[in-house]
Amino acid sequence: MPGADFRANSIKALADPQLRANFRRAMDGLMSRRAALFAEGQDWAPLRALGAAAKLNALANLPALLEQLEAKLVGLGVQVHWAGTIEEGNAIVKSILARRGAKLVVKGKSMVSEEMHLNHALEAEGIEVLEADLGEYIIQLDHETPSHIIMPAIHKNKKQIAKLMFEKIKNAQYSEDVDALTALARTVLREKFETAHAGISGVNFAVAETGTLVLVENEGNGRMCTTVPPVHIAIMGLEKVVERLDQVPALLNLLTRSATGQPVTTYINMITGPRRPGEKDGPEEMHLVILDNGRSRIFADPELRDTLRCIRCGACMNHCPVYVRVGGHAYSGVYPGPIGKILLPQTLGIAAAGDLPHASALCEACTEICPVGIPIGDLLVRLRREGARAGSGPIPVKGAGSRATLLESLIWRGWRAVYTTPALNRWMLWAVTRFGRLLPASMPGLARWTSVRAKPVFGRRSLHELAARGGIRGE
Ligand code: SF4
């Protein structure tokens, strides 16, 4: 279950020196590339403020902007579908493909499709799905999930990838040359692009003003998926909408610099509908599936709503001291690192992913690095509170309070009573100063605390002992 095995997964990951070395090297590279673009002394605050303002504006007007986007897209010939849940989203995609008799699908990189477990859903219907992004293609060969939202195969090194491709691709020659490996993948993918019945893609930003779907990538596979097959299905979470086209450059600037340390990606696709009469390329039919999957509930909570600002750049992961040591698979959910720690407990529920907000030292490196200013640290604390008791915010988070045991609840209630009732507080201080030494070194229900902490020494005798050893003077 996502999140539930975080502790066990982390211990396993920490014991794998190869995995740790792969992550360390990759993260160092990403961090230094990003740092080179956000140079010391250069004031990025105005750009960040622009990006944050664009997302805040979109969230402030979300329902109206989504309706505007739908109307614009329908006018451009795009069929728009609303999916409340993952199951509904998968059913919509399956019905589109079934109507077209599609048996082979090429898919560009899309975290929402991972969230929907779309490949499994389609494969269960006998539909072949081929990941067209090189990193996604590599992990698909190994039946793995992404370990990073931008670089899905970042946990593997060159040798591991060479061995995998040699073993899994028919007639492959063993090579550790990156160009040769890329060419090998390209040969397989080209053939599939030409014969695929449909292409699936994600969306980075959807512009309500113009009905433009913006998609960034570096390999060209996204463009192939969205233009070569006769049907294009784009999938997005409902938070991807922005109001105006002139807000997109700032967001793209922040996204590409934060994600890969590039001033701009190799391809920026701006899609405005299917092929029109007289045009030579593009799909005959185009769809947009807008997924909710708990986002409406997140949107309804004024504090947690900030989660939906995320532009999925991955920078918070690269700078998280927990993520860089345990890697993405420890999180077991689709979104690892700090964004996963705030998003998964809200979409999957506290019972399934309530461990994740605790997998943080609250160092706030993520908050500092986030290009759209999400207060990740504050949200982690809020979700910890939600785990301990329901009703910590205006809208209940799914499974709120499920992490608290009855004994813990009683202890904290008692604690609150002691600190909010002056008479009780005075009595407690009197009792503790006289009888504190009678408490056992380890107490049931607090074993995880008391087993790793020495009980403090109270009373005058200990001061005398310290003085006798020369530890204090003047008594
Ligand atoms: S939370 Fe911020 S830093 Fe992390 S992926 Fe989202 S936008 Fe990027």
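Residue numbers start at 1 and run along the sequence shown. Whatever order the structure lists them in is the order used to number ligands and atoms, beginning at 1. Just the heavy atoms: all of them, side chains too, but no hydrogens, waters or symmetry mates, feed the values below.
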Q. For Y267, which residues count as a ring-ring contact (aromatic ring centres under 6.0 Å, His included) partner, sequence neighbours excluded?
A. none
Q | Residue-atom pairs from the protein, N, O or S only, that lie under 2.8 Å from atom 6 (Fe) of ligand 1 | A | C310 SG
Q: For the residue pair H155 and F23, categorise the inter-ring angle as parallel (less than 30°), tilted (30 to 60°) or perpendicular (more than 60°).
A: parallel
Q: With sequence neighbours left out, write down each residue that passes ring-ring contact (aromatic ring centres under 6.0 Å, His included) with H319, or none if nothing qualifies.
A: none
(Q) Looking only at side-chain N and O atoms, does N22 offer a donor or acceptor that is under 3.5 Å from a partner on Q160? (A) yes
Q: Please check if any side-chain donor atom of E136 sits under 3.5 Å from a side-chain acceptor atom of N221, or the reverse.
A: no
Q: Sequence neighbours left out, what pairs pass salt bridge (Lys or Arg N to Asp or Glu O under 4.0 Å) with at least one residue falling in residues 142-157?
A: D142-K156, E144-K156
